[in-house]
Amino acid sequence: MLEIKNVTKIFNGGTVNEKVALSDVSLTLEDGDFVTVIGGNGAGKSTILNMVAGVYPVDKGSIVIDGVDVTRLPEHKRAKYIGRVFQDPMMGTAADMWVEENLAIADRRGKTRGFKWAITKKDKAKYREELKELDLGLDTRMTTKMGLLSGGQRQAITLLMATLKRPKLLLLDEHTAALDPKTAAKVLEITDRLVKENSLTALMVTHNMKDAIAYGNRLIMMNAGKIILDVRGEEKKNLTIEALLEMFTKASGAEFASDRALLS
Amino acid sequence: MEFLTEFFGYLGGTAPSIAAQGMIWGIMAIGVFITFRILDIADLTVDGSIVTGAAVCIIAFQSGMNIWVAILLSTLAGMLCGLVTGLLHTALGIPPILAGILTQQSLWTVNLLLAGSSLSFTFFEQDLLPIVPLEERIGNTDLILLGFVAVVIAILYWFFGTELGASLRATGNNPNMSRAQGINTNFAKVLGLVISNGIVALSGALLVQYSNGYNINMGRGAIVIGLAAVVVGEAIVSKISSGFIPRLIGVVLGGVIYFLVYQLVLFFDIKAELLKMLSAAIIAIFLGAPYLKKRYGKKKAQKEVKSNA
Ligand SMILES: Nc1ncnc2c1ncn2[C@@H]1O[C@H](COP(=O)(O)OP(=O)(O)O)[C@@H](O)[C@H]1O
Ligand SMILES: [Mg+2]
C-alpha cells in the first residue's frame with residue numbers, strides 16, 4: 001500500500017542550520033496495516049508523514065502509494081490518496097465555514113471541483129448520519145461555524161473528513177496531543193473504529209507509549225531521522241513500556257529523550 | 001414624493017449623484033471584498049486595474065464597438081491584471097502585497113500608453129453613452145447601476161455556492177487544510193484575483209462613463225476606498241445578518257456612505273485631501289477595534305480566573 005524507499009530529507013541544506021530530519025528511511029506498509037509511530041522530540045516522525053503527504057519535496061528516494069509513484073506529485077494531488085489529521089485542532093478545518101461545508105469540501109477530495117453546488121440535500125442527510133455516529137451531539141450543529149467548536153469536536157470532525165472519502169492511507173500526527181485526557185481517549189476510540197470499519201491503512205504518531213502498544217498491528221520507533229525499531233503481530237501485542245524503553249536504549253545508545261512519553 | 005424628486009433633482013443638478021457614485025465604488029469594493037475577506041489577501045492591483053478598465057472601455061467604444069462589448073472587454077482586461085498579480089505571487093513566490101504593487105506600477109505605464117500619453121482628458125461628447133447617461137437622466141443612472149449591482153451580487157452568490165467557489169473560500173480560510181483536502185490553493189488564489197480585478201475593472205468602465213472623462217489618476221487610493229467600504233459596510237450589516245448576500249449589499253452600502261461623507265466634506269469646504277487620511281483612519285479603527293477588544297477581553301477573562309483561584 002505504501003512504500004517509502006530510501007528517503008532522505010535535509011532542512012536548510014548547505015547552511016549552518018543544516019538539519020538531517022530523515023536519513024535514508026525505508027518503510028513498507030501492507031494493505032490494512034495500522035502502524036503506530038513513537039520517538040523522542042525531533043526524531044523525524046512529523047517529517048516522515050509530511051514527506052508522504054507531499055508537504056515538502058523529497059531530497060532523495062521515492063514514495064509509492066498503491067503502486068503509484070507520487071514522489072513528484074504536489075500535495076493537493078496526493079490528497080486523492082491520503083486523509084490527514086494534524087496535532088493542532090485548528091489546522092484540519094476551515095474555522096469560518098460551517099461544519100457541513102467543511103464536510104462537503106472533504107467529500108470532494110480527489111475530484112475536480114466545478115460548477116455543481118458545493119453541498120446538496122443528499123449530502124446533508126449523509127453528513128448528519130455520519131455525525132450521529134460520532135456520538136458527540138454534532139449532528140444538530142451542521143450549520144455551526146467550525147471555529148466555535150471545541151478542540152476535541154474539531155478533531156473528531158477532522159477525522160471524519162479524513163475518512164469520509166475512503167483514503168488509501170490515513171496519516172495521524174499526534175492528533176490527540178492537544179486534547180485533555182478524556183477527550184483524547186474518546187477521539188482515539190473514534191479513530192480506532194473508523195480505521196477498522198473502513199479497513200484503512202494508517203500511520204499514527206503518538207507520544208503516548210501505552211496507546212502505541214494498545215492500538216494498531218505494528219509499531220515503529222524513530223530516533224535521529226531513522227527507524228530504529230519495527231515490531232508487529234504477537235510480539236507487538238506483548239510489548240510493555242519498560243521493554244520499549246529498554247529497546248530504545250539498546251538501539252540508540254541513549255536514554256529516551258521525551259519525558260512526556262515517560263510520564264504517560 | 002415631491003420632496004424626494006426635488007431633492008434628487010437638486011443632487012442631480014448640483015453634484016454628482018451620491019447613490020450612483022457610491023454604487024460604482026461599491027462594485028469596486030465587492031472586488032476588494034473577494035480578495036481581502038475571502039482570500040485574505042490585500043491586493044493593491046486595484047489602483048491600476050480600475051483605470052485599465054476605464055481606458056479599455058473608452059478605447060473600445062471610440063473604435064465603434066457596442067458599449068456592452070466595451071464593458072465586457074474592460075472586465076476581461078481587469079481579469080488579465082489579476083492574472084498577472086496571481087502568477088507573480090503563485091508562480092514566482094512573490095508576497096501578494098508586493099505582487100499587487102508590481103502589477104499596479106506596470107499598469108501605470110500601460111494606462112498611460114492606452115490613453116495616448118495624456119495625463120487627463122475627456123473623451124465623450126455629452127449623451128454619447130447609452131448606458132449611463134448624464135445629469136438630466138440621473139434617476140435612470142441609479143436604476144441602471146442598481147441593475148449592475150444586483151447582477152454582480154447574484155453571479156457571485158451563485159459562484160461561491162459551487163464546489164469551485166467553496167474551494168476559494170476554504171483556501172482563504174485555511175490553506176493547509178485546503179491542500180490536505182486536494183484543493184490547488186495556488187489556482188484558487190489566482191482565480192480569486194482574476195475575478196476580483198475583473199469586477200474592479202468593470203467599475204472602472206462604469207466610472208469613466210459616469211464621470212465622462214478619463215484621468216490617469218482616477219484610481220489612486222481605490223484600494224483604500226474599497227477597504228473603507230468593506231469594513232464600514234460589514235460593520236453595519238453584521239448586526240443584522242451574516243449571510244453572503246447581506247454582506248455584499250453591506251459593502252455596496254459602504255461605498256454609498258463613503259460618497260455621502262465625501263459630499264459632506266466638499267459641502268463644508270473641507271479640503272478633499274483630508275478624506276484620504278480620514279479613510280485610512282476609518283480602516284485602522286474598524287480593523288483595529290475587534291483586535292483590541294479581543295486582547296482586552298482576554299485580559300479581563302484572565303483576571304477573572306485569577307480572582308477565582
Ligand atoms: N520546516 C522545517 N524547517 C527546518 N527544520 C525542520 C522543519 N521541520 C522539521 N525540522 C527539523 O527536523 C527534525 C525532525 O522534526 P520532526 O519531524 O518535526 O520531529 P518529530 O519527531 O518531533 O515530529 C527536527 O530537528 C526539526 O527541528
Ligand atoms: Mg511532530
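Chain letters run A, B, ... following the sequence lines, proteins first and then strands; every chain starts at 1.
Residue contact with chain B, scored on non-hydrogen atoms closer than 4.5 Å, involves the backbone and the side chain of A/Met161 alike. Only the backbone of A/Thr112 comes within less than 4.5 Å of a heavy atom in chain B; its side chain stays farther off. There is no contact between B/Phe160 and chain A, counting heavy-atom distances below 4.5 Å. Heavy-atom distances place the side chain of A/Glu101, and not its backbone, under 4.5 Å from chain B. Neither the backbone nor the side chain of A/Leu171 comes within contact range of chain B; no heavy atom of the residue lies under 4.5 Å from a heavy atom of that chain.
For the set B/Ala180, B/Ala166, B/Ser242, the count of heavy-atom pairs under 4.5 angstrom toward chain A peaks at B/Ala180. Comparing B/Thr185, B/Ile183, B/Asn176 by how many heavy-atom pairs each has under 4.5 Å with chain A, the most go to B/Ile183. Of the listed residues (A/Ile105, A/Asn102, A/Val55, A/Ile119), the greatest number of heavy-atom pairs within a distance under 4.5 Å of chain B belongs to A/Ile105. Per-residue heavy-atom pair counts under 4.5 Å with chain B were compared for A/Arg84, A/Lys77, A/Lys80, A/Met97, and the maximum is reached by A/Met97. Heavy-atom pairs under 4.5 Å with chain B peak, among A/Gly114, A/Ala106, A/Pro74, A/Ala79, at A/Gly114.
Other residues, nucleotides and ligands contribute over 12 non-hydrogen atoms within 6.0 Å of the CE atom of A/Met142. Atom CZ of A/Arg72 sits in a sparse spot, with 12 or fewer heavy atoms from other residues, nucleotides or ligands closer than 6.0 Å.
Going from atom CG of A/Leu188 over to atom CZ of A/Arg193 covers 12.5 Å, rounded to the nearest 0.5 Å. With rounding to the nearest 0.5 Å, the separation of CD1 in B/Ile153 from CZ in B/Arg247 is 12.5 Å.
Side-chain atoms of A/Asp123 and A/Thr120 include a donor-acceptor pair closer than 3.5 Å. Side-chain contact annotation: A/Asp107 with A/Tyr127, donor-acceptor N/O pair under 3.5 Å present.
Taking the six-membered ring where tryptophan is involved, the planes of A/Phe11 and A/Tyr56 are perpendicular, since the angle between them exceeds 60° and thus also 30°.
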